[in-house]
There are 2 protein chains.
Amino acid sequence: MSDSYHHGNLRQALIDAGIRIINEEGEGRLSLRKVAASCNVSHAAPYAHFKDKEELLDAIKNNVTDRFMSELKDSVKDSSNADEALVNMGKRYVDFFVKNPDYFKFLFSSQNITAHLGSDDENDYPPFLFLKEHYLKYLKEHGLKKTKKEKEIDLLQLWSSVHGLASIACMSGVEVSFDWEKEIPGDILIR
Amino acid sequence: MSDSYHHGNLRQALIDAGIRIINEEGEGRLSLRKVAASCNVSHAAPYAHFKDKEELLDAIKNNVTDRFMSELKDSVKDSSNADEALVNMGKRYVDFFVKNPDYFKFLFSSQNITAHLGSDDENDYPPFLFLKEHYLKYLKEHGLKKTKKEKEIDLLQLWSSVHGLASIACMSGVEVSFDWEKEIPGDILIR
DNA sequence: GAAAAATCTTGACAGTGTAAAGTTTCTTGC
DNA sequence: GCAAGAAACTTTACACTGTCAAGATTTTTC
């Protein structure tokens, strides 16, 4: 691997550079050419790895979503039951974006996630699937029987709460840093 | 007002054209030059009315927010009590963005709204102030006494629910069109 | 009715995304 | 081990973008 012409791992380098630029300057100031330059590569080099700018942006989104998912998974590690897991997950869901508001704007600036309340779909937005998984665990632990429609509404309400909280925290000046365990007990997340 | 050189009401025309373009092609495809051209005016003409592109975008946001507010106000007109008003408002809050998903992406694509849960601030995001107003009316009607902190959490939870629902509806493929009165009773909005 | 201000045009510049054609390196099949 | 082709990268080019400066035209002000 001579280090002159071929970069070696340009694809990942472009993604990393993109993330850094978004963190430092925001998505609005990210350009393909700037990303390329920051990898010491010509302005058209990215086209060997991505069809267009959007495809690079999608790759970055997947990368950020992976980090988000690993934090969510981490948050439920030391939960002794499903109630606790759901609260911990909600807490981390919001905290992640409060800590990185630019990620929220970036991830949800366009319709690029899919989710199905009723049917199962492996391709759904992973954080949503994770939430669903633990919600179902919650139902099982409590021996609750609910209709399909009831479950859908619960899930939507659950997701809306944390996602809305994250959105408001990132998009407005509102501070949402309070003691979750005390202020927002589990029974507000699940009616 | 000779109609050759001076437009007459270019400022508003630019805002209207901008809204039309956002609706038809999305914010990403809106350019100052396109807006100017669609008003039959040279590409630099907008600079007589707006400092830069962002200032035009802000004006458009205010305009869209005005429409949103007038729908919210309209939604509570025929409510016989505060409970009903809150449900109707929440319903309309979501419906407005479900009907115009591009408006949601546009309005909340950057941190451009402010809100204060505790203190009063006339400059807060009008829809938020409207929600707060009716929440306080709700407390009064039911003779409920709550601490400052409790009120803040209620408000945040209330706002998060509807805003999160709108966000998920606009950003994912999830359909959120169900019968609000039946599926999401008032007591889920206020714990 | 002249001076000043507001509005709009023209021309220019650097930065953008992306396509086409050419160059260099790597991989593959024999 | 080597030719052929694929992959990765550069160079060149073009249309489009936001913004600025200088000038033209109209309206307002006194």
Side-chain angles (χ1 to χ4, degrees), chain A residues 1-63 102 105-106 109-112, chain B residues 1-63 102 105-106 109-112:
Chain A
M1 54 154 115
S2 67
D3 63 344
S4 57
Y5 205 89
H6 274 29
H7 182 282
N9 195 12
L10 182 56
R11 199 192 131 91
Q12 189 58 43
L14 289 168
I15 292 175
D16 293 342
I19 291 179
R20 186 165 29 80
I21 291 175
I22 287 172
N23 270 323
E24 290 171 2
E25 314 181 37
E27 185 190 357
R29 305 211 167 165
L30 178 144
S31 76
L32 262 185
R33 295 170 102 105
K34 205 188 281 181
V35 174
S38 119
C39 292
N40 296 312
V41 112
S42 88
H43 66 264
Y47 285 88
H49 302 274
F50 304 100
K51 198 184 104 241
D52 52 18
K53 186 183 181 184
E54 200 184 339
E55 211 170 88
L56 168 59
L57 256 37
D58 283 346
I60 297 179
K61 279 175 189 168
N62 288 335
N63 207 290
D102 279 331
K105 295 167 203 166
F106 173 59
S109 61
S110 64
Q111 179 175 345
N112 63 325
Chain B
M1 52 153 117
S2 67
D3 62 346
S4 57
Y5 206 88
H6 275 29
H7 182 283
N9 194 13
L10 182 57
R11 199 193 132 89
Q12 188 59 43
L14 290 168
I15 292 174
D16 293 342
I19 291 179
R20 186 164 30 78
I21 291 175
I22 287 171
N23 270 323
E24 290 171 2
E25 314 181 37
E27 184 189 0
R29 307 211 166 166
L30 177 144
S31 75
L32 262 185
R33 294 170 101 106
K34 205 188 280 183
V35 174
S38 117
C39 291
N40 297 311
V41 113
S42 88
H43 65 264
Y47 285 87
H49 302 274
F50 304 100
K51 196 183 107 241
D52 52 18
K53 188 183 181 182
E54 199 184 341
E55 210 170 88
L56 168 59
L57 254 37
D58 282 346
I60 296 179
K61 279 176 188 166
N62 287 335
N63 208 290
D102 280 331
K105 297 167 203 165
F106 173 60
S109 61
S110 64
Q111 179 172 345
N112 63 326

(message) Does B:E25, at its CD atom, have more than 12 non-hydrogen atoms belonging to other residues, nucleotides or ligands within less than 6.0 Å?
(response) yes
(message) Is it the case that over 12 heavy atoms from other parts of the model lie below 6.0 angstrom from the CD atom of B:E55?
(response) yes
Show every donor-acceptor pair shorter than 3.5 Å between a side-chain atom in residues 41-50 of chain B and any protein atom, with sequence neighbours excluded, or say none if there are none.
none

(message) Does a side-chain N or O of B:H43 approach OP1 or OP2 of D:dC16 to a distance below 4.0 Å, or not?
(response) no
(message) From C-beta outward on B:Y47, which listed nucleotide comes closest to its side chain: C:dT18, C:dC8, D:dT19?
(response) D:dT19
(request) Side chain of A:A48 only, please: which of C:dT9, C:dT7, D:dA8 is the nearest? (result) D:dA8
(message) For A:K61 and A:S110: C-alpha separation, side-chain torsions, deciding distance, then whether side chain to side chain contact (heavy atoms under 4.5 Å, CB included) applies.
(response) CA-CA 11 Å; A:K61 279 175 189 168; A:S110 64; 3.4 Å; yes
(request) Return the minimal non-hydrogen interatomic distance between B:K53 and B:L30, and the atom names on each side. (result) NZ-O, 3.1 Å
(message) So if I take residues 9-23 of chain B and measure heavy-atom distances to DNA chain C, which residues fall below 4.0 Å?
(response) B:L10
(message) Please report the distance, rounded to the nearest Å, between CZ in B:F50 and P in D:dC20.
(response) 16 Å
(request) Find the distance between CD1 (B:I22) and CG (B:L57) and round it off to the nearest 0.5 Å. (result) 6.0 Å
(request) Let me know, please, whether A:D52 or B:H49 comes out on the 5' side of the other along DNA chain C by nearest nucleotide. (result) B:H49
(message) Using every non-hydrogen atom in the two residues, find where A:R29 and A:I21 come nearest and quote the distance to one decimal.
(response) O-CG2, 4.2 Å
Kindly give the atom pairs (protein nitrogen or oxygen, nucleotide nitrogen or oxygen) under 3.5 Å for nucleotides 14-16 of chain C.
| residue | atom | partner | partner atom | Å |
| --- | --- | --- | --- | --- |
| C:dT16 | OP1 | A:S31 | OG | 3.0 |

(request) Grab the CG-P distance between A:L56 and C:dT18 for me, whole Å please. (result) 10 Å
(request) Provide the closest heavy-atom pair for A:I15 versus A:A59 in the form atom of the first, atom of the second, distance. (result) CD1-CB, 3.8 Å
